[in-house]
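Okay, structure first, notes after.
Order of the sequence lines fixes the chain letters, A, B, ..., with proteins taken first and strands second; residue numbering starts at 1 for each chain. Since this is a predicted model, take the numbers as computed values, not measurements.
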Protein chains: 2
Amino acid sequence: MEESLPQRCLDCLVRDKALCGSLGDKQLLDLSLLGRRKVVPKGSVVTWEGDDNPICANIVTGALKLQASTADGREQTVGLLFSGDFIGEPFEEESAVTAEALADTDLCIFPRSGFERVLDDQPQLERALLERTLKSLREARERQLVLGRKSARARLAWFLLSLPRGCDGTIDLPIARQEIADYLGLTIETVSRQFTDLRSSGVIDAERGGRRLRVVDVTALQDAAE
Amino acid sequence: MEESLPQRCLDCLVRDKALCGSLGDKQLLDLSLLGRRKVVPKGSVVTWEGDDNPICANIVTGALKLQASTADGREQTVGLLFSGDFIGEPFEEESAVTAEALADTDLCIFPRSGFERVLDDQPQLERALLERTLKSLREARERQLVLGRKSARARLAWFLLSLPRGCDGTIDLPIARQEIADYLGLTIETVSRQFTDLRSSGVIDAERGGRRLRVVDVTALQDAAE
DNA sequence: CGGACGCTTGAGATCCCTCAAATGTCGTGG
DNA sequence: CCACGACATTTGAGGGATCTCAAGCGTCCG
């Protein structure tokens, strides 16, 4: 009788989108034995900066932010992760960032040491992780440009353009104003003022304080992002 | 008669420090056949942002900066690379950054496609590249914190602390004031003023305008870096 | 000697932050 | 159904850090 994948893998919503998509059914077996599903509630912390780094995980549903902070408590979000994304730092004893759930988040968690052993055995998994890491690095470099050189207006426009946009231009903001501020290296007040400016200049259409907006003038938004 | 490594590999100054250090003599053979040494003069560009991405390379001696730029020409240095570091973006058709030599730089260059084939065959090489990429990502995240949340003073202090320091506290700056400014998301004037302030408050000792300085009070510099 | 270059210094402007208060929304409980 | 508080967001006023523009200084090199 052949061993088979657990039901959670067969049913997995992100089987193809996540790292696992690089593996066939047989190859996935080892990894599947390590994984366990866990829902972490909004606001809870998955890994703490400077602490042990015991896990890696795939995000099934939900969202996480990766935070770095200064000694006096200012925070900078250094990455946003969504459904299908991978979180974790293989080969590192200590976590370099704090990972916090932005919403109730369903994770498929692997012990880091076990995950590393599967990397040893499954070159396709390692390749997929390498490609994802390279992509994360490119994105982190782009954010350095944004944080180092762009105005508040341009940062917000850049952020809005990075979000999935419906065909009618609708955007559902995945995060609150304060979290946008933490991501863009600004204060919440500045973010709010920039929203107001974009609204009153007709670039976007939105309710005051709302999480849903519509991009009216994409070209103007793209210009603003410079 | 056995094939053997080319003389440039046998003599290589960074054989152990660079990516190649992950490979034994036999395993290095394939890669060594691809590599060729090239000295690129200070100021010349190795890859252009948005252009073809034909090469990967190890830095033997010298230094490179990785630049991203806005449409209107403002520049942000998103990485500094030195002897032993790897440069290149495997699996990418288009380069995301401009790589420019900060000094006359001796590279060991591989065609990207050939390098990718060796990655397919040499798991140790791929592992070493993965670990380096993860390290670069951590560093890029730390720079996001610096760029998003730290004052000019703290940025410069952080930069100085990141440089190799002799036992008497001596630092030889590898780059000019303008390049420091590009790296720290500041202007050259602000960088210069911060140097002056650090000097007049006795934290560092340096000649006006000089490339060599001495850290007098490490603790004060560490405090300033917050 | 003269010019180019890199760095520093100064003055003023600007953008964003800080502090403070008002507004709006939502859920809870009376 | 309404009062209330908690919370997120907006708005306002003022200040400060950094940028911009301009000039000066020192060194190196032809």
- Return the nearest nucleotide to the side chain of A/R211; candidates are D/dT11, C/dC7, D/dT9.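 It is D/dT9.
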- Please indicate whether A/R211 has more than 12 foreign heavy atoms, meaning atoms of other residues, nucleotides or ligands, lying under 6.0 Å from its CZ. yes
- Message: For A/R8, I'd like to know if atom CZ has over 12 heavy atoms of other residues, nucleotides or ligands within 6.0 Å.
- Response: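 Enclosed.
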- Does the side chain of A/Q76 come under 3.5 Å of the side chain of B/Q144 through a donor N or O and an acceptor N or O? no
- Query: Got a donor-acceptor contact below 3.5 angstrom from the A/R153 side chain to the A/Q194 backbone?
  - Reply: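 No, because the side chain of A/R153 does not come within donor-acceptor range (under 3.5 Å) of the backbone of A/Q194.
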Please report, rounded to the nearest Å, how far the [atom2] atom of [N] is from the [atom1] atom of [X].
| X | N | atom1 | atom2 | value |
| --- | --- | --- | --- | --- |
| A/L213 | D/dT10 | CG | P | 11 Å |
| A/D197 | C/dT14 | CG | C1' | 15 Å |
| B/L156 | C/dT8 | CG | C1' | 14 Å |
| A/L147 | C/dC16 | CG | P | 13 Å |
| A/L184 | C/dC17 | CG | P | 11 Å |
| A/R212 | D/dT9 | CZ | P | 16 Å |
| A/E207 | D/dA8 | CD | C1' | 15 Å |

- Task: Any chance you could lay out the side-chain contact (heavy atoms from CB on, under 4.5 Å) test for B/R138 and A/E92, step after step, and finish with the verdict?
- Result: CA-CA 11 Å; B/R138 283 195 301 279; A/E92 278 297 308; 3.1 Å; yes
- Message: Under a 4.0 Å threshold between the charged nitrogen and the carboxylate oxygen, would B/K135 count as salt-bridged to B/E139?
- Response: yes
- Query: Is any NZ, NE, NH1 or NH2 atom of the basic residue among B/K150 and A/D72 found under 4.0 Å from an Asp or Glu carboxylate oxygen of the other?
  - Reply: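 Looking at B/K150 and A/D72, the cut-off is not met.
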- Message: Restricting to non-hydrogen atoms, name the atom on B/F86 and the atom on B/R132 that form the minimum distance, rounded to 0.1 Å.
- Response: N-NH1, 3.9 Å
- Just call it for B/S192: base, sugar-phosphate, or nothing, with non-hydrogen atoms closer than 4.0 Å on any strand. base
- Note on the structure: Double-helix bend of the helix from C/dC1-D/dG30 to C/dG30-D/dC1, axes at both ends from 5 pairs, round to 10°, gives 20°
- Message: I'd like to compare against my own output: the B/S/- annotation of nucleotides 16-30 of chain D with a strict under-4.0 Å heavy-atom distance to protein.
- Response: --SSBB----S----
- Task: For side-chain contact (heavy atoms from CB on, under 4.5 Å), just list the numbers for B/L64 and B/L107, CA-CA rounded to whole Å, side-chain angles, deciding distance to a tenth of an Å, and then say yes or no.
- Result: CA-CA 10 Å; B/L64 298 177; B/L107 296 173; 4.3 Å; yes
